[in-house]
Undergrad: 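Please find one structure pasted underneath; my questions will follow.
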Amino acid sequence: MQRPFYITTPIYYVNDRPHIGHAYTTIAADLLVRYQKLTGRETFFLTGTDEHGTKIAEAAEKAGVEPKAFCDQVVQHFKKSWQNLLVSYDGFIRTTDQKHINSVRKLLTILNDARTESGEPIIYSGTYEGLYCTACEKFLTERELVDGVCPDHKIPPTVLKEKNYFFRLSAYLDKLKKLIETDQLMIRPQERRREVLGLFEQGLTDFSASREKVKWGIPLPYDSSQVAYVWIEALSNYISGIGYGDDEDQFDKWWRNAETVHLMAKDILKFHCIWWPAMLMAAGLPIPDKIFLHGYFTVDGEKMSKTLGNQIDPNDMIEQFGPDATRYLLQTQYPFGADGDIQKSRFVAKYNSDLANDLGNLVSRVAKMIMASFDGKLPKPAESLDGGDEIIAEAEKLPETVMAHINKFKILAAIEAVLGLVRTANRFFDTNAPWKLVKNGSPDKAGGVLYICAEAIRIIATLISPVMPSKSLEILGVLGLGDEALSLDNARTFYYLEPGCKIKIKGSVFPRLKDEKKKDKTEKKIIDNNLLDTSEFARAEMVVAEVISAERVEGADRLLKLQIDIGSEKRQIVAGVAQFYTPEEITGKKIVVVKNLKPAKIRGVESNGILLAAKKGKKLCLVVPEGDLPPGAAIN
RNA sequence: GGCGGUGUAGCUCAGUUGGUUAGAGCAGCGGAAUCAUAAUCCGCGUGUCCGGGGUUCAAGUCCCUGCACCGCUACCA
């Protein structure tokens with residue numbers, strides 16, 4: 001008997017609607033769990049939402065509702081999206097659920113009482129020092145500051161200390177490192193595992209376990225003036241969602257006795273691969289078995305961004321391709337785990353070649369011929385068909401091949417293996433040409449060809465069902481089967497279909513799509529939102545300037561410090577062009593600068609203005625006046 | 001600059017612990033067939049496996065080095 005299988009996605013922060021990134025991870029998890037289910041394994045799939053924190057509280061206030069009510073609304077978008085994408089989770093944990101809160105409080109209590117092997121408390125009190133904006137009532141990172149002031153309130157933050165509890169991560173580092181090295185905590189892909197091990201070399205410090213100033217959160221059981229730190233709270237969802245502190249039997253089953261897998265994108269590597277196992281060790285709980293971190297994708301070679309207008313909305317894809325093909329297309333763009341590029345132009349081509357031409361057409365030609373030549377009844381198998389033994393062998397071997405890939409998270413390889421059988425079946429159909437056999441008076445032989453193809457289709461539909469759950473059922477329906485047929489065991493055995501069973505097909509399973517480009521609509525929308533008033537544009541005072549001298553800024557490889565002449569005066573600016581221009585090259589050039597920009601300090605160097613340059617990918621060019629104009633000439 | 005990654009056919013990528021003539025899909029060209037969603041099937045690729053060293057009987061596959069690119073990170077007003 002196999003161990004039960006437990007898989008999670010991260011919980012998603014509800015300050016955002018679900019986007020393609022969320023969808024990608026969640027579809028992958030759903031697909032992996034469905035494959036496990038095919039083998040007959042008991043499975044549990046947990047996803048959910050992260051709903052605490054200052055940002056949420058603020059967003060709720062803006063919307064004029066209580067935080068909880070605000071979250072309730074956003075959560076519906078997530079649930080709806082997952083439903084639309086055929087994601088079938090077993091648990092949906094919200095960090096505002098009472099059972100989550102209870103669970104976190106239990107964990108915190110245990111951690112607070114626990115001691116390290118050398119007898120030190122795991123949780124200790126310390127001070128956190130940071131930049132605090134009194135108007136926001138929150139700590140800001142240096143990165144968030146604009147010109148050294150709070151971007152919202154334009155006031156400088158004060159350096160403030162607050163009491164925090166800390167988690168003694170340092171006590172677990174050696175042990176944890178060994179667990180990772182020995183794969184007892186299996187981190188995949190390998191490059192991510194190396195990255196984690198690299199973090200140990202770079203030094204890891206204890207982290208905050210609580211915050212004092214945050215209000216929307218879970219108060220510590222032992223100090224109600226503090227709230228559990230976001231990562232402590234969020235990571236706990238993986239156990240609160242399966243009964244920790246609530247239903248011990250369930251927790252035993254899914255955490256202590258199951259194979260536990262966390263799936264996520266690589267950005268949250270440190271928290272999951274280091275903090276989370278350390279917390280569990282401190283609490284005396286088992287660590288997860290596997291952590292898989294998939295990569296990031298770009299769209300048409302560029303990072304997704306609103307200004308580029310190259311985002312992919314899962315809902316748009318569903319509208320164009322349907323939920324099954326959307327899942328298929330997203331998972332076949334590049335290998336799972338690696339970084340990759342999604343090219344929208346490939347969607348239609350891939351859909352047509354794989355799904356319409358190969359799979360859909362196979363189903364169609366086989367079913368229609370059975371209907372036309374065999375009265376819609378599945379004919380009997382026949383002997384000695386050209387390539388018959390080979391296709392049967394390939395089909396019977398396929399379940400093992402597919403699962404071997406899936407168990408290594410090689411989703412693309414698994415899918416391609418299934419598609420291989422589709423191609424074999426089309427080839428088999430062609431070489432035996434049953435339509436000729438019918439005409440030549442060998443209907444039995446023709447029937448045998450069709451029987452083998454029908455069986456291949458059944459096995460294909462079963463093995464692709466985790467990727468395309470509803471389309472697979474539609475295909476099985478053509479063969480007169482339902483979801484009871486969906487199991488790996490059934491896929492392993494040929495001659496499952498009874499000769500004589502009714503075969504019927506209505507339309508096309510995957511109708512061919514026209515390859516046309518009609519995305520102008522969305523592009524226009526984005527431009528409209530960005531329209532400027534003439535007066536707004538005029539606020540930027542641009543002038544021609546001459547570079548008098550230039551030098552590199554020490555310790556920064558992108559920065560040049562420029563002394564420039566703007567006619568009325570000489571001033572200094574800092575520009576991020578060092579990778580494209582040497583100081584010598586840029587000296588003497590006439591450039592365009594915005595002169596009425598707030599002064600700023602960059603890398604400790606004062607900058608009074610910004611120069612104009614055009615950049616695309618790896619190329620950057622200064623914007624220069626086409627003719628000869630003196631410094632100070634205004635640009636309108 | 002630090003850490004990590006990548007570099008194989010026009011494009012997207014496979015190439016397992018080093019071992020025979022380096023593969024697949026897509027696109028392209030030519031042909032066959034007409035059951036089927038103008039879908040399918042067959043044939044066609046001498047690719048400096050980024051460059052340079054090295055280890056080895058043997059390297060796309062290991063080691064060193066250089067270059068290019070990507071991600072995170074610091075700095076990009």
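These figures come from a predicted structure and were not determined experimentally. We name chains A, B, ... by the order of the sequence lines, and we start the count at 1 in each one.
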Undergrad: Is there a Watson-Crick or G-U wobble partner for B:rU48 with both distances under 3.5 Å, and if so, which one is it?
TA: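 No nucleotide pairs with B:rU48.
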Undergrad: With sequence neighbours excluded, tell me which residues meet side chain to side chain donor-acceptor pair (under 3.5 Å) with A:R512.
TA: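 In terms of side chain to side chain donor-acceptor pair (under 3.5 Å), with neighbours along the sequence ignored, A:R512 is linked to A:N357.
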Undergrad: Considering only atom C1', compute the distance from B:rU20 to B:rC35 and round it to an integer number of Å.
TA: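 Pairwise C1' distance, B:rU20 against B:rC35, rounds to 42 Å.
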Undergrad: Do the rings of A:Y351 and A:F321 sit parallel, tilted or perpendicular, given the 30° and 60° boundaries?
TA: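 Plane angle between 30° and 60°, so tilted.
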Undergrad: I'd like to check the side chain to side chain contact (heavy atoms under 4.5 Å, CB included) partners of A:P277; sequence neighbours left out, ordered by chain and number.
TA: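 Applying side chain to side chain contact (heavy atoms under 4.5 Å, CB included) to A:P277 gives A:L176, A:L185, A:I287.
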Undergrad: Does the structure show a Watson-Crick or G-U wobble partner for B:rG43, both distances under 3.5 Å? Name it, or say none.
TA: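 Its partner is B:rC29 (Watson-Crick or G-U wobble, both distances under 3.5 Å).
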Undergrad: How close do A:D183 and A:R188 get, counting heavy atoms only, and between which atoms?
TA: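 Of all heavy-atom pairs spanning A:D183 and A:R188, the closest is OD2-NH2, 2.8 Å.
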Undergrad: Any idea which of B:rA77, B:rU37, B:rC35 is nearest the A:S364 side chain?
TA: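 For A:S364, the side-chain atoms sit closest to B:rU37.
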Undergrad: Considering Watson-Crick and G-U wobble pairs with both distances under 3.5 Å, what does B:rU6 pair with?
TA: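 Here B:rU6 is engaged in a pair, and the nucleotide opposite it is B:rA68.
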Undergrad: Using atom OH of A:Y351 as one end and atom C1' of B:rU12 as the other, report the distance to the nearest whole Å.
TA: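 Going from A:Y351 (OH) to B:rU12 (C1'), I get 21 Å.
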Undergrad: With sugar-phosphate meaning primed atoms plus P, OP1 and OP2, does A:K350 contact a base, only sugar-phosphate, or nothing at under 4.0 Å between heavy atoms?
TA: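 No contact.
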Undergrad: Looking only at atom C1', what distance separates B:rC11 and B:rG47, rounded to whole Å?
TA: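 About 14 Å, rounded to a whole number of Å.
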Undergrad: Can you tell me the distance, in whole Å, between the CG atom of A:L355 and the C1' atom of B:rU40?
TA: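 Rounding to the nearest Å, CG of A:L355 and C1' of B:rU40 are 16 Å apart.
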Undergrad: Which whole number of Å gives the distance between the C1' atom of B:rG52 and that of B:rG71?
TA: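 Their C1' atoms lie roughly 27 Å apart.
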Undergrad: Ignoring the backbone of A:K436, work out which of B:rU34, B:rU12, B:rG71 is nearest its side chain.
TA: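 The answer is B:rU34.
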Undergrad: Once you measure the plane-to-plane angle for A:H22 and A:H19, does it fall in the parallel (<30°), tilted (30-60°) or perpendicular (>60°) bin?
TA: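 Ring orientation, 0 to 90° scale: parallel.
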Undergrad: Compare the minimum distances between each of B:rU37, B:rA77, B:rG71 and the side chain of A:N361, then state the nucleotide with the smallest one.
TA: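 From the listed options, B:rU37 comes nearest.
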Undergrad: Just checking A:K410: base, sugar-phosphate only, or nothing, at a heavy-atom cut-off of under 4.0 Å?
TA: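 Counting heavy atoms under 4.0 Å across all strands, the contact made by A:K410 is with sugar-phosphate only.
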Undergrad: Sequence neighbours excluded, which residues qualify as side chain to side chain contact (heavy atoms under 4.5 Å, CB included) partners of A:R423?
TA: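 Result, side chain to side chain contact (heavy atoms under 4.5 Å, CB included) vs A:R423: A:D354, A:D358, A:L419, A:R427.
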Undergrad: Considering only the C1' atoms, how many Å lie between B:rC13 and B:rA27, rounded to the nearest integer?
TA: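 Taking atom C1' in both B:rC13 and B:rA27, they lie 14 Å apart.
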Undergrad: Mind checking what makes side chain to side chain contact (heavy atoms under 4.5 Å, CB included) contact with A:P443, not counting sequence neighbours?
TA: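 Partners of A:P443 under the side chain to side chain contact (heavy atoms under 4.5 Å, CB included) test: none.
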Undergrad: What is the base-pairing partner of B:rU20, counting Watson-Crick and G-U wobble geometry with both distances under 3.5 Å?
TA: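 No nucleotide pairs with B:rU20.
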Undergrad: For atom P, what is the distance between B:rU55 and B:rC63, given to the nearest Å?
TA: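 Those two atoms are separated by 15 Å.
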Undergrad: Does the side chain of A:E394 pick up a donor-acceptor pair with the side chain of A:T424 at under 3.5 Å?
TA: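 On atom types as modelled, these side chains qualify, holding a pair under 3.5 Å.
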Undergrad: Report the residues that fulfil side chain to side chain contact (heavy atoms under 4.5 Å, CB included) with A:D206, sequence neighbours left out, ordered by chain and then residue number.
TA: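 By the side chain to side chain contact (heavy atoms under 4.5 Å, CB included) rule, A:D206 matches A:Y124, A:R168, A:L169, A:S170.
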Undergrad: Want to settle it: does A:G507 or A:K266 sit nearer the 5' end of RNA chain B, counting the closest nucleotide to each?
TA: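 Taking each residue's closest nucleotide, the earlier one in sequence belongs to A:G507.
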Undergrad: When the C1' atoms of B:rU48 and B:rC44 are compared, how many Å lie between them, rounded to an integer?
TA: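 After rounding to an integer number of Å, I get 23 Å for this pair.
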Undergrad: Taking only heavy atoms on the protein side, list every residue of residues 414-431 of chain A lying under 4.0 Å from any atom of RNA chain B, sorted numerically.
TA: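 Those residues whose heavy atoms fall under 4.0 Å from RNA chain B, taken from residues 414-431 of chain A in numerical order, are A:R423, A:N426, A:R427, A:F429, A:D430.
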Undergrad: Under 4.0 angstrom, heavy atoms only, what part of the nucleic acid is A:V509 near: base, sugar-phosphate, or nothing?
TA: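 The residue A:V509 makes base contact.
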Undergrad: So that I can tick it off, tell me whether A:K590 and A:D565 are bridged by a salt bridge, with the cut-off set at under 4.0 angstrom between side-chain N and carboxylate O.
TA: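 Answer for the salt bridge query: no.
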Undergrad: Taking any strand in view, what nucleotide pairs with B:rU61 in a Watson-Crick or G-U wobble way, both distances under 3.5 Å?
TA: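 For B:rU61, the partner nucleotide comes out as none, under the 3.5 Å rule.
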Undergrad: Name the nucleic acid region contacted by A:D358, choosing base, sugar-phosphate or nothing; use a 4.0 angstrom heavy-atom cut-off, strictly under.
TA: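 Since only primed, P, OP1 and OP2 atoms lie under 4.0 Å of A:D358, the category is sugar-phosphate.
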Undergrad: Measuring only the P atom in each nucleotide, how far is B:rU17 from B:rU61? A whole number of Å is fine.
TA: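 To the nearest whole Å, 14 Å.
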Undergrad: If we call it a pair only when both distances are under 3.5 Å in a Watson-Crick or G-U wobble match, what pairs with B:rG1?
TA: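 In the structure as shown, B:rG1 has B:rU73 as its Watson-Crick or wobble partner.
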Undergrad: Using Watson-Crick or G-U wobble geometry with both distances under 3.5 Å, which nucleotide pairs with B:rU37?
TA: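 Pairing partner, where one exists within any strand: none, as none qualifies.
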Undergrad: Among all residues two or more places apart in sequence or in another chain, which pass the ring pair (Phe, Tyr, Trp, His ring centres under 6.0 Å) test with A:F292?
TA: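 A:F292 satisfies ring pair (Phe, Tyr, Trp, His ring centres under 6.0 Å) with A:F336, A:F409 once adjacent residues are dropped.
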Undergrad: So A:K439, base contact, sugar-phosphate only, or nothing? Heavy-atom distance under 4.0 Å.
TA: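 Counting heavy atoms under 4.0 Å across all strands, the contact made by A:K439 is with sugar-phosphate only.
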Undergrad: Judged by each residue's nearest nucleotide on RNA chain B, which is more toward the 5′ side, A:R192 or A:P434?
TA: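 Comparing both residues, the 5'-ward one is A:R192.
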Undergrad: Suppose you measure atom P in B:rC67 against the same atom in B:rA58; what distance do you get, rounded to whole Å?
TA: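 My reading of the P atoms in B:rC67 and B:rA58 gives 29 Å.
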Undergrad: Polar-atom pairs under 3.5 Å, protein N or O versus N or O of nucleotides 7-10 of chain B: list them with distances, or write none.
TA:
none

Undergrad: Can you sort out the partners of A:R192 under salt bridge (Lys or Arg N to Asp or Glu O under 4.0 Å), two or more places apart, ordered by chain and number?
TA: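 For A:R192, the residues satisfying salt bridge (Lys or Arg N to Asp or Glu O under 4.0 Å) (neighbours in sequence not counted) are A:E195.
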Undergrad: When you measure from the side chain of A:A356, which nucleotide among B:rU37, B:rC35, B:rC26 comes out closest?
TA: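 Ranking B:rU37, B:rC35, B:rC26 by closest atom to the A:A356 side chain puts B:rU37 first.
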